[in-house]
Amino acid sequence: MNDFSDRVLSWFDENGRKDLPWQKPDAYGVWVSEIMLQQTQVQTVIPYYERFMQSFPDVVALADADLDAVLHRWSGLGYYARARNLHAAAGIVRDKHGGAFPSSFEDVVALPGIGRSTAGAILSLAFSQRHAILDGNVKRVLARHGVIEGWPGKSAVVKQLWQAAERHTPSKRVGAYTQAIMDLGATVCTRSNPGCSACPVNADCQALQHDAIERYPGRKTKQAKPLRQTTMVLAVSNDAVYLERRPAAGIWGGLWSLPELTDGEAGDWCWQTLNSRNSGIEPWATLRHSFSHFDLDIQPVVVRVAGTSRKVADGDDSTWYRIDDSPPGGIAAPVQKLLNTLKTGGHVQNS
DNA sequence: AAACCGGGGGC
DNA sequence: GCCCCAGGTTT
């Protein structure tokens, strides 16, 4: 029986893609592509990658660019935190590594946005150093082949997967192997309807032998989502609503939102925050918003602000937003919904 | 609608 | 070191 990596490499020589734009011994290009591929499929990434590399042909060009220009080039790929990390890391490479992408594992994994797997991918692909990788595709291949039980989010499970990854990683042709094992997971050992008959390691795939492919990798045991509650104030003065910018970190980071009331009541809030009396308080029906980890019940309360208190707001972090104007920035979906309701005047009142 | 995704960060 | 988070896409 051939070694695992030999079979994967032979399969790759026959079936793998070897002419992708980032498949060159250029660490910078490999890095950019790996970050893009963390979140997006190959076909989508290619045009973004080409444009990105034209705008920022090397790591110093990226470091010297304005973050806005980088985000603009990233626009459409989503997960903008990764573009911010890419830009920050480029600055570190320029300032701390003399503009040359580092080639030691410790230096690479220390860069923002690069963890163990991405560092392994870059170093094996660009520098032919023997490092294992463990992205979602590889996790699936290894969990099935070795019947590694449990959900890969659990540290005990991911530890076993890393051990298998290290064990299978060859010393020769390690860059080709990295590409090969990712391709295998992406095109053959797929989440649903895997092509086991075409798989180079089907002969000793434990899950296949037990006819239990669909059991691996293990799923997260889903638990009831917690329910949280908040009150959002729609402070209305003439045709404007008071908005606040949320802190950069956390939910809806940096987006504009309505002020939230954790305790106390809306009339006091109006007096304390806006130095204004109110001429009416009107609760609306609760609005439920679902996140991946919890549900949020929003209790909207409209507060009619008596007189004008415009001088209180209108800074970087708060503003009176005239509801017919274009918004001051990004607005979280449920907040937008409430603003639309306010604009059209229709709503269901609470009893 | 639910599963999935690598790294960051809080504890 | 463990667990959860954000903010998306794929199924």
Side-chain angles (χ1 to χ4, degrees), chain A residues 30-45 48 71 74-89 92 105-125 131-144 150-163 165 178 181-182 185-187 189-195 213-226 228 246-255 257 288-296 330-336:
Chain A
V30 169
W31 170 42
V32 171
S33 73
E34 283 300 321
I35 301 300
M36 288 183 170
L37 288 165
Q38 280 175 7
Q39 62 206 40
T40 314
Q41 295 189 331
V42 168
Q43 286 310 321
T44 310
V45 161
Y48 280 91
L71 290 170
W74 202 267
S75 178
L77 277 173
Y79 297 93
Y80 296 93
R82 303 188 187 206
R84 280 192 279 275
N85 281 335
L86 202 60
H87 183 248
I92 295 171
F105 187 87
E106 309 82 72
D107 287 344
V108 173
V109 84
L111 296 171
I114 301 181
R116 182 176 175 183
S117 183
T118 302
I122 296 169
L123 289 171
S124 62
L125 291 167
H131 294 286
I133 60 150
L134 193 63
D135 72 355
N137 291 318
V138 179
K139 283 178 185 168
R140 199 165 49 245
V141 173
L142 297 179
R144 287 172 173 170
W151 174 55
K154 274 264 189 273
S155 58
V157 178
V158 86
K159 189 183 262 180
Q160 284 188 68
L161 288 167
W162 270 114
Q163 283 174 3
T178 290
I181 191 78
M182 290 192 295
T187 64
C189 196
T190 48
R191 181 139 68 99
S192 41
N193 304 317
I213 284 287
E214 64 287 345
R215 282 187 40 217
Y216 301 89
R219 312 278 192 281
K220 179 177 166 56
T221 53
K222 67 159 177 264
Q223 52 225 356
K225 286 197 271 187
R228 299 185 198 170
R246 297 186 56 94
I251 286 169
W252 302 328
L255 301 187
S257 187
R288 177 163 296 184
H289 182 73
S290 282
F291 291 89
S292 50
H293 294 83
F294 62 93
D295 291 326
L296 183 65
I331 294 184
V335 174
Q336 186 63 61

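Each chain gets a letter, A, B and so on, in the order its sequence line appears, and its residues count up from 1. Atom set for the values below is all heavy atoms of this structure, side chains included, hydrogens, waters and symmetry mates excluded.
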Contact class for [X] (heavy atom, under 4.0 Å): base, sugar-phosphate, or nothing?
{"X": "A/Thr40", "value": "nothing"}
{"X": "A/Arg140", "value": "sugar-phosphate"}
{"X": "A/Arg82", "value": "base"}
{"X": "A/Ile114", "value": "sugar-phosphate"}

Could you state the atom-to-atom distance from [atom1] of [X] to [atom2] of [N] in whole Å?
{"X": "A/Leu161", "N": "B/dG6", "atom1": "CG", "atom2": "C1'", "value": "14 Å"}
{"X": "A/Arg219", "N": "C/dT10", "atom1": "CZ", "atom2": "C1'", "value": "14 Å"}
{"X": "A/Gln160", "N": "C/dC2", "atom1": "CD", "atom2": "P", "value": "13 Å"}
{"X": "A/Asn85", "N": "B/dG9", "atom1": "CG", "atom2": "C1'", "value": "12 Å"}
{"X": "A/Leu86", "N": "B/dG8", "atom1": "CG", "atom2": "C1'", "value": "16 Å"}
{"X": "A/Leu296", "N": "C/dG7", "atom1": "CG", "atom2": "P", "value": "14 Å"}
{"X": "A/Met36", "N": "C/dG7", "atom1": "CE", "atom2": "C1'", "value": "18 Å"}
{"X": "A/Gln41", "N": "C/dT9", "atom1": "CD", "atom2": "C1'", "value": "8 Å"}

Check: C/dC3 pairs with which nucleotide, Watson-Crick or G-U wobble, both distances below 3.5 Å?
Finding: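 Base-paired to B/dG9.
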What heavy-atom pair brings [X] and [Y] nearest, and what distance separates the two atoms?
{"X": "A/Gly113", "Y": "A/Asn85", "result": "CA-ND2, 3.8 Å"}
{"X": "A/Ser124", "Y": "A/Thr178", "result": "OG-OG1, 2.8 Å"}
{"X": "A/Gln39", "Y": "A/Gly78", "result": "NE2-O, 3.1 Å"}

Check: Expressed in whole Å, how much space separates the P atoms belonging to C/dG1 and B/dG6?
Finding: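 Nearest-Å result for C/dG1 against B/dG6 at atom P: 23 Å.
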Nucleotide nearest [X] (side chain, heavy atoms from C-beta), chosen from [options]:
{"X": "A/Tyr80", "options": "C/dG8, B/dG7, C/dC3", "value": "C/dG8"}
{"X": "A/Gln38", "options": "B/dG6, B/dA3, C/dC2", "value": "B/dG6"}
{"X": "A/Ser192", "options": "B/dC4, C/dT11, B/dG8", "value": "C/dT11"}
{"X": "A/Asp135", "options": "C/dC3, C/dG8, B/dG6", "value": "B/dG6"}

Next item on the list: Could you pull out all residues at least two apart from A/Gln41 that satisfy side chain to side chain donor-acceptor pair (under 3.5 Å)?
Entry: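 Per chain and number, A/Gln41 pairs via side chain to side chain donor-acceptor pair (under 3.5 Å) with no residue.
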Note to self: Let me spell it out: for each of A/Ala156 and A/Gly78, pick the nucleotide of DNA chain C with the closest heavy atom. Which residue's pick is nearer the 5' end?
What the structure shows: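 Of the two residues, A/Ala156 wins.
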Check: Only one of A/Trp31, A/Tyr79, A/Tyr48 forms a side chain to side chain contact (heavy atoms under 4.5 Å, CB included) with A/Met36, so which one is it?
Finding: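 With A/Met36 as partner, A/Trp31, A/Tyr79, A/Tyr48 yield a single side chain to side chain contact (heavy atoms under 4.5 Å, CB included), made by A/Tyr48.
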Next item on the list: Map A/Tyr79 and A/Val109 onto DNA chain B by nearest heavy atom, then report which one ends up closer to the 5' terminus.
Entry: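 It is A/Tyr79, whose closest nucleotide lies nearer the 5' terminus.
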Margin query: Looking at C/dG7, I'd like to know if its phosphate oxygens (OP1 or OP2) sit under 4.0 Å from a side-chain N or O belonging to A/Gln39.
Written below: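 Answer is no, no contact under 4.0 Å.
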Next item on the list: For B/dA3, take OP1 and OP2 only and decide whether either is under 4.0 Å from a side-chain N or O of A/Arg191.
Entry: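 No.
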Next item on the list: Using distance alone, with no hydrogens and no angle criterion, decide if A/Arg140 and A/Asn137 have a side-chain donor and acceptor under 3.5 Å apart.
Entry: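 There is such a pair (donor and acceptor under 3.5 Å, judged by atom type) between the side chains of A/Arg140 and A/Asn137.
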